[in-house]
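Written below as structure tokens is the structure these notes are about.
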Protein chains: 2
Amino acid sequence: MQQSLGREASNAYGFRRVSPQRRAIADAALGLDGAFTVDDLTRNVALAGQPAGAATVYRAVAAMEAAGWVERVGERGGHALFAHCSDGHHHHHLVCEGCGTVRATACPVERITQDSPELDGFVVTRHEVTLYGLCPQCAVQRADGA
Amino acid sequence: MQQSLGREASNAYGFRRVSPQRRAIADAALGLDGAFTVDDLTRNVALAGQPAGAATVYRAVAAMEAAGWVERVGERGGHALFAHCSDGHHHHHLVCEGCGTVRATACPVERITQDSPELDGFVVTRHEVTLYGLCPQCAVQRADGA
DNA sequence: TTTACTGCAAATCCTTTGCAGTCTG
DNA sequence: CAGACTGCAAAGGATTTGCAGTAAA
């Protein structure tokens, strides 16, 4: 596992200095195995007994995003949605619209951004992909008419 | 063709009543074969001689989106990006980072959201994809060292 | 005539930024 | 100590909404 961070004394999470707030924020981000908004994080750290101001959370998230620990994966009701990136390799996210859980998945685009005849000369250098749907549990519940 | 709209007298574009502004807005949306922001639309209709207020454009876009004539395809510099849906078929956009041109392309995700073992039970119901890169012209220019 | 659409301005809302103080390294 | 981080409050910027007037059907 490339990401045992979180308990190390310093420079973890991509921060230069680790304050209690940032530790709580990072832990919340790593803990919430789904996608989260800045608001979720703010609420979470408050519940964890280490409240942090909105600006602080935004700044911490920006730092983690810059460091590659989290990634913006879309939005939910006007709020930016982030997700914790399990490791450095290129991947995308499966966002369950039932329970909000987010799972990583291999990049489905790489396979076709190289040779697609439709691209017709267009050189793809970057892409954004987010898949929404239902995780197995939610899919079953829905099928059951829950 | 499912979308000969635009010249019909009324109820076209998904509007209940067609004002000059809305006609201009819809024409601009259909005309810009790439993606556009509300701002692009506003500027465009003004140039076309039929200026419309921001609120009007937002409302018109919302109406067109509700009617399925346009679709939100992402964002560009903090502005929501929309694209005219040429017809009912599913597609995505190629955004050239050289000249800003946007082209539609067949959905590259469909091929793998059906049978991917990585999905492992996750049912993909919706996805957002935007490919960024260089269109043929820009790619050539860059190769030339332009 | 009915009521959808317009436009301005005010209001929202998420996110960013300025600043002075605090705390990590 | 140096300078990163915090928090408050104000700023910023896109989008929405209220309302009275205009015009499409």
Side-chain angles (χ1 to χ4, degrees), chain A residues 5-29 35-43 45-46 48-67 69-82, chain B residues 5-29 35-43 45-46 48-67 69-82:
Chain A
L5 60 95
R7 309 309 169 199
E8 277 65 69
S10 59
N11 279 60
Y13 311 111
F15 303 147
R16 305 204 219 183
R17 291 186 186 177
V18 182
S19 64
Q21 290 90 334
R22 289 203 165 187
R23 182 179 302 276
I25 292 167
D27 280 346
F36 51 84
T37 61
V38 167
D39 220 55
D40 292 333
L41 240 36
T42 304
R43 215 174 307 120
V45 297
Q50 184 47 264
T56 297
V57 181
Y58 273 105
R59 280 186 280 228
V61 169
M64 292 192 291
E65 187 182 10
W69 296 115
V70 302
E71 186 182 9
R72 175 168 287 156
V73 299
E75 69 152 56
R76 176 165 66 197
H79 302 57
L81 249 195
F82 295 87
Chain B
L5 60 95
R7 310 309 168 200
E8 275 66 67
S10 59
N11 278 59
Y13 312 110
F15 303 146
R16 305 202 219 183
R17 289 185 188 177
V18 182
S19 64
Q21 291 92 332
R22 290 204 163 186
R23 182 180 301 277
I25 292 167
D27 280 346
F36 51 83
T37 61
V38 167
D39 220 55
D40 292 334
L41 238 37
T42 304
R43 215 174 307 120
V45 296
Q50 184 48 264
T56 298
V57 180
Y58 273 104
R59 281 186 279 229
V61 169
M64 292 192 290
E65 188 182 10
W69 297 115
V70 302
E71 185 182 10
R72 174 167 288 156
V73 299
E75 68 151 55
R76 179 164 64 198
H79 300 57
L81 251 194
F82 296 87

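Basis for what follows: all heavy atoms, side chains included, without hydrogens, waters or symmetry-related copies. All values reported here derive from a predicted model rather than from experimental measurement. Below, chains carry the letters A, B, ... as their sequence lines are ordered, and counting in each starts from 1.
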Inset, instruction - Report the end-to-end axis angle of the helix from dT1(C)-dA25(D) to dG25(C)-dC1(D); each axis comes from five terminal pairs, and the value is rounded to 10°. - result: 40°
Inset, instruction - Find the distance between NE2 (His79(B)) and CG (Leu81(B)) and round it off to the nearest 0.5 Å. - result: 10.0 Å
Inset, instruction - Sugar-phosphate atoms are those with a prime plus P, OP1 and OP2; base atoms are the rest. Using that split, label each nucleotide of nucleotides 1-14 of chain C B, S or - for protein heavy atoms under 4.0 Å, 5' to 3'. - result: -BBSSBBB-----S
Legend entry - Beyond-backbone contact of Asp27(B) with Gln50(B), side-chain heavy atoms, under 4.5 angstrom: no
Legend entry - d(CG, Asp39(A); C1', dT15(C)) in whole Å: 12 Å
Inset, instruction - Give, for atom CD of Glu65(B) and atom CD of Glu71(B), the distance between the pair rounded to the nearest 0.5 Å. - result: 8.0 Å
Legend entry - Shortest non-hydrogen contact from Ala29(B) toward Val70(B): CB-CG1, 4.4 Å
Legend entry - salt bridge (charged side-chain N to carboxylate O under 4.0 Å, His left out) involving Arg43(A) - partner list, sequence neighbours excluded: Asp39(A), Asp40(A)
Inset, instruction - Using atom CZ of Arg72(B) as one end and atom P of dT15(D) as the other, report the distance to the nearest whole Å. - result: 7 Å
Inset, instruction - State which residues pass side chain to side chain contact (heavy atoms under 4.5 Å, CB included) with Ser19(B); sequence neighbours excluded, sorted by chain then number. - result: Gln21(B), Arg22(B)
Legend entry - Ala28(B) versus Leu41(B), closest heavy-atom pair with distance: CB-CD1, 3.9 Å
Legend entry - Leu41(A) CG to dT6(D) P, straight-line distance once rounded to whole Å: 12 Å
Legend entry - Least distance between heavy atoms, Ala26(B) atom then Phe15(B) atom: CB-CE1, 4.3 Å
